[in-house]
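For reference, positions follow the sequence shown, starting with 1.
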Amino acid sequence: MAEEDYGSFVDWNQMGDLAKSSGPTKVDCKDLKEFKQMARQGYWTKNHKLRAQVYQQLIKSIPCRTVTPDAEVYRDIMGNAGTKKPSSNIPLPDFVDGSPVPHYCLKAEAVASAHQVINCLAGQFPDISHCPSLPAVTSLLLHFSVDEAQCFEHVSRILACNEPGKRLLDQTFLAYESSSMTFGDLANKYCTAAHKLIVATAQDVLEVYSDWQRWVLGDLPFSHVVRVLDVYLVEGYKILYRVAIALLKFYRKNKAGAQGGQGNQQQQDSSKVRADIQSFVKGIASTVTPDKLLEKAFSIRLFSRKEITLLQLTNEKSLQQKGITVKQKRRNVQLALNPDTFSSEIVSAKEMRDIWSWIPERFALCQPQLLFTTSNHGCSLNRFYSHCEGYEPTLLLIRTTDSDVCGAFLTTDWEERKRGGNKLSFFGTGECFVFRMKPEMERYEWVVIRHPELASSIKTQGQEDTAPSEGQNSDGNGLQQPDKPAGELSPFLSARHFNLNSKNTSMFMAGNFDSIIVGGGEGNALYIDSELNHGRTGKCATFDNPPLCAESFQVALLEVWGFQDAMAS
C-alpha cells in the first residue's frame, strides 16, 4: 500500500482506529489561517499518508538558517551504517536529560532508528545543551517519515528555525528552565484551582512544573499527542502551554472527583506529585478524548504570543542575573519559609507560603525579607519610603484593629513615585495584585487578566494616568506615565503594551507625601494616610475587587516584605 511509504517504522497492530485510512486524501490550502482551522478541526487525522504529506509541507515552510543539515547530509554521515540494523543500545546525548524515546506505536527497531537520528543531530547541532523534548519529537516525526534521513531533515528544520519571535524547541537549560517558570506563571493565572491544588500537595511547586513539557511530549498517548502535533506545526510553541494547562485542569478535576472535593489534602514529597500527574497523563485516554483535550486547551484565554514571549524573556533575565544558566541542584525555595526562622506579626509561615504561591515564578528563588514594620519603625510615611525605596517587588501586609488581614503585591520600586513630581501619579505593572486573608484567602488580579477584551493591540504611546487626591474618584489629568530608559527590558504586563479601553484599568500603585494608594479607577483598593494609621478600601476598576475588609479601618500593624535572593547566601 502507498501508505507504507510513510509508515515503514510503524507497528500497525498498535495503532487501533488510526490504522484505518479514511476521509480526505489531499489538502489544497495555501492560506495559513485556513491551515490553522483545518489543523484544529483535525482535517487530516484519519489518513496517515495525508498527515505525513501535510507535515512535510509544514516543516518545509519553516524559515531556517542558511546552512541546515538535510537528508543528504544524514546519508553522507551514516554511509554504510545507514544500511545496517541500528541499535537502541546507543546511549542518547546528555542534553536530553535522561528523557527516553517514547515508543508511540513504533516497531522495536524503529526506536533504535530514533536513537541513531538523535545522535546524528547531536553532531550537527553542537550548540544544543539541554533539549529533553527532542526524543519525543524525533519519535513522532519518524512515524511519518519515509526513512531515517527524512526524519533527520525534518527535526533539523525544527531545531534550525530562525523566524523572529518564533520558538519550536528549547535547546538550552536557560530556555527550558525559564519556560517552566513561565508555565508556572500561566498556571497561576489561568487555572487557579489546579495551581492551588499543587501548592497544597507538593513541597516544591517549581519542581512539579518543570515536567510540563514532558506531560505533552512524552507522557501523552500517541492518539492525543499526534493531534497536538497537528496544531503545533502550524501554530508553534504556544500550543504546548495551552495543552499543558488543559492537562493540569483535567488532573485537578480527576483528583477532586476521587477525593469527593478538595478536602483533606496533605502535602507530600514533590516526586510523588510528579509521578501522580505523569500516571494520570499516560492514562488520560480512558477519560478524555484527543478532541476534548484540544477543546479545553483552546477555551483558555491566554495573552498574545508577544506577551508570553516577553514573560519568557523576563524569566530568562532573572535566571541570568542569578547566574543560573546551566543545570544545577535548585534549593527548595518553598521550604525556605521555615517556621523556625520566619517571623511576622501579621501572617503565619503557612499563610505566607500560600501568598508566595501567587507571586510570579521568577521571584520564587527568593525568600521574604522584612523591610519595614510599624511596630519597629513607627507610623511614619517618610520612614516607610526610606526603608522600601530601592526594593522591587514588595509585599504589603496590613492587619486592622478588627483583626482583618489584607495586602498587595507591588511590582515597582516606591521611588518611582518621584517621577511624577508633586502630582500623585500611578505606576506599576499588571503583575500587581491585592488580596485578603479572611473570611477566606482571595486574590484580585489586574482586571485585564480576567477580561482580555479590555485591551487590544500594543500601545505606542505611554499610558496616561494621574492619581486622585484623598476622597476623590480617579478622573485623571493627562499626566504621562514615565517610560523606562531605552534598551531596558520592559516589565511583563506593562500597561503601555496594551490599548486599554479605559485608563482606569491600569492604575496600580501611587504615593506622595500624604498617602499611598493601591488600585484606582472609580475608587481605591487600598488607601493609607500619611500616619499609616487610617485606611479605606473599596471596589476599583483596576483589580475589580470588593472591599478587602471594613471600608473604613484603623491600621493595627503594617509590614512590608522584600524578596531576598536565596541563591546569594
Should W215 and F183 be marked as a ring pair (Phe, Tyr, Trp, His ring centres under 6.0 Å) after you check the CA-CA gap, both sets of side-chain angles, and the distance that decides it?
CA-CA 12 Å; W215 302 341; F183 176 76; 5.6 Å; yes
Can you find a heavy atom in the side chain of R353 that is under 4.5 Å from one in the side chain of V199? yes
Taken to the nearest 0.5 Å, the spacing of L247 CG from N254 CG works out to 12.0 Å
Can you tell me if D170 and Y237 form a side-chain donor-acceptor pair at under 3.5 Å?
-> yes
Does F9 have K107 sitting over its ring (NZ/CZ under 6.0 Å from centre, angle to axis within 45°)? no
Heavy-atom closest pair (S357 atom, D354 atom, distance to 0.1 Å) is OG-O, 2.6 Å
Quiz item: Strictly under 6.0 Å, is that where the ring centroids of H48 and F144 end up?
Solution: yes
Checking D211, V208, D219 against I277 for side-chain contact (heavy atoms from CB on, under 4.5 Å), the one that qualifies is V208
Any luck finding a side-chain donor-acceptor pair between S156 and Q124 under 3.5 Å?
-> no
For the backbone of A110 and the side chain of H115, can you confirm whether one donor and one acceptor N or O come within less than 3.5 Å of each other? no
- Query: Cut-off 3.5 Å, side chains only: do Y74 and E153 have a donor facing an acceptor?
  - Reply: no
- prompt: Taking side chain as C-beta onward, heavy atoms only, is F250 less than 4.5 Å from K296?
  reply: yes
query = Do F433 and F435 come within less than 4.5 Å of each other through their side chains, counting heavy atoms only?
reply = yes
Interatomic distance, OG1@T309 vs CD@E316, rounded to 0.5 Å, equals 10.0 Å
Could you tell me if the side chain of P221 sits less than 4.5 Å from the side chain of I284, heavy atoms only? yes
* Compute whether any side-chain donor of one residue and acceptor of the other, for T429 and T411, lie under 3.5 angstrom apart. => yes
Check whether the side chains of Y55 and H143 place a donor and an acceptor atom closer than 3.5 Å, and report yes or no. no
Interatomic distance, CG@L141 vs CG@L233, rounded to 0.5 Å, equals 6.5 Å
Rounding to 0.5 Å, atoms CG (L121) and CD1 (I128) come to a distance of 7.0 Å
Hits for side chain to side chain contact (heavy atoms under 4.5 Å, CB included) against A297, two or more places apart or cross-chain, chain-then-number order -> R242, V243, A246
Any donor-acceptor N or O pair under 3.5 Å, side chains N545, R443:
no
In terms of heavy-atom contacts, E361 and G184 come closest through OE2-CA, 3.4 Å
Looking only at heavy atoms, the pair that brings F152 and V117 closest together is CA-CG1, 3.9 Å
Problem - Worked verdict on M15 versus F222 for side-chain contact (heavy atoms from CB on, under 4.5 Å) - result: CA-CA 9 Å; M15 290 283 283; F222 177 75; 3.8 Å; yes
Tightest non-hydrogen contact, residues K292 and V288, listed as CB-CG1, 4.0 Å
Worksheet item: Above 12 or not: heavy atoms from other molecules or residues under 6.0 Å from CG of N119?
Response: yes
| request: Kindly say whether A39 contributes a backbone atom to a donor-acceptor pair with the side chain of R227 at under 3.5 angstrom? | output: yes
Taking atom types as modelled, find out whether Y241 and Q213 have a side-chain donor-acceptor pair closer than 3.5 angstrom. no
After noting the C-alpha distance and the side-chain angles of F543 and E445, does the key distance pass the side-chain contact (heavy atoms from CB on, under 4.5 Å) rule? CA-CA 5 Å; F543 298 115; E445 297 180 283; 5.8 Å; no
Look at atom CD of E442 and say whether more than 12 heavy atoms of other residues, nucleotides or ligands are closer to it than 6.0 Å.
yes
*asked:* Contact between K36 and V231 at the side-chain level, heavy atoms closer than 4.5 Å - yes or no?
replied: no
Residues V216 and V225: closest non-hydrogen pair is O-CG2, 3.2 Å
**Report entry** Heavy-atom side-chain contact between E431 and R362 under 4.5 Å
**Finding:** yes
Practice problem: Taking the side chain as every heavy atom from C-beta outward, state whether T138 and V101 have any pair of such atoms under 4.5 Å apart. | Solution: no
| Ring-face cation contact, Y190 with R301, 6.0 Å cut, 45° max | no
Tightest non-hydrogen contact, residues K238 and I308, listed as CE-CD1, 4.1 Å
Item checked: Full working for side-chain contact (heavy atoms from CB on, under 4.5 Å) between L134 and Q171 -> CA-CA 9 Å; L134 186 61; Q171 298 174 44; over 6 Å; no
Just checking, is any N or O donor in the side chain of S178 or Q312 under 3.5 Å from an acceptor N or O on the other one?
yes
Assess the pair W212 and Y176: is the distance between their ring centroids shorter than 6.0 Å? no
Q.
Looking only at side-chain N and O atoms, does Q14 offer a donor or acceptor that is under 3.5 Å from a partner on D11?
A. yes
Is the backbone N or O of A275 less than 3.5 Å from a side-chain atom of S279, with the two atoms forming a donor-acceptor pair by type? no
>> Quick check against the 3.5 Å criterion: does S145 have a side-chain atom that pairs as donor or acceptor with the backbone of E148?
In response: no
Can you list the steps and then say if D276 with K272 is a salt bridge (charged side-chain N to carboxylate O under 4.0 Å, His left out)?
CA-CA 6 Å; D276 194 42; K272 291 182 180 178; over 6 Å; no
Open item on the list: Are M181 and Y209 packed together at the side-chain level, in the sense that at least one heavy-atom pair is separated by less than 4.5 angstrom?
Closed with: no
request  = Salt-bridge test for R51 and D230: reply yes if a basic N is under 4.0 Å from a carboxylate O, no otherwise.
outcome  = yes
Notebook entry, point to check: Donor-acceptor pair, E177 side chain versus L174 backbone, under 3.5 Å?
Noted result: no
Q.
Run H103 and S139 through side-chain contact (heavy atoms from CB on, under 4.5 Å) and show every step you take.
A. CA-CA 7 Å; H103 284 216; S139 178; over 6 Å; no
- Message: For the backbone of E207 and the side chain of S270, can you confirm whether one donor and one acceptor N or O come within less than 3.5 Å of each other?
- Response: no
_Backbone of L197 reached by a side-chain donor or acceptor of T201 within 3.5 Å_ = yes
Rounding to 0.5 Å, atoms NZ (K60) and CG (L58) come to a distance of 12.0 Å
Regarding D269 and S271, is there a side-chain donor-to-acceptor distance under 3.5 Å anywhere? yes
Rounded to the nearest 0.5 Å, the CE atom of M441 sits from the CD1 atom of I355 at a distance of 5.0 Å
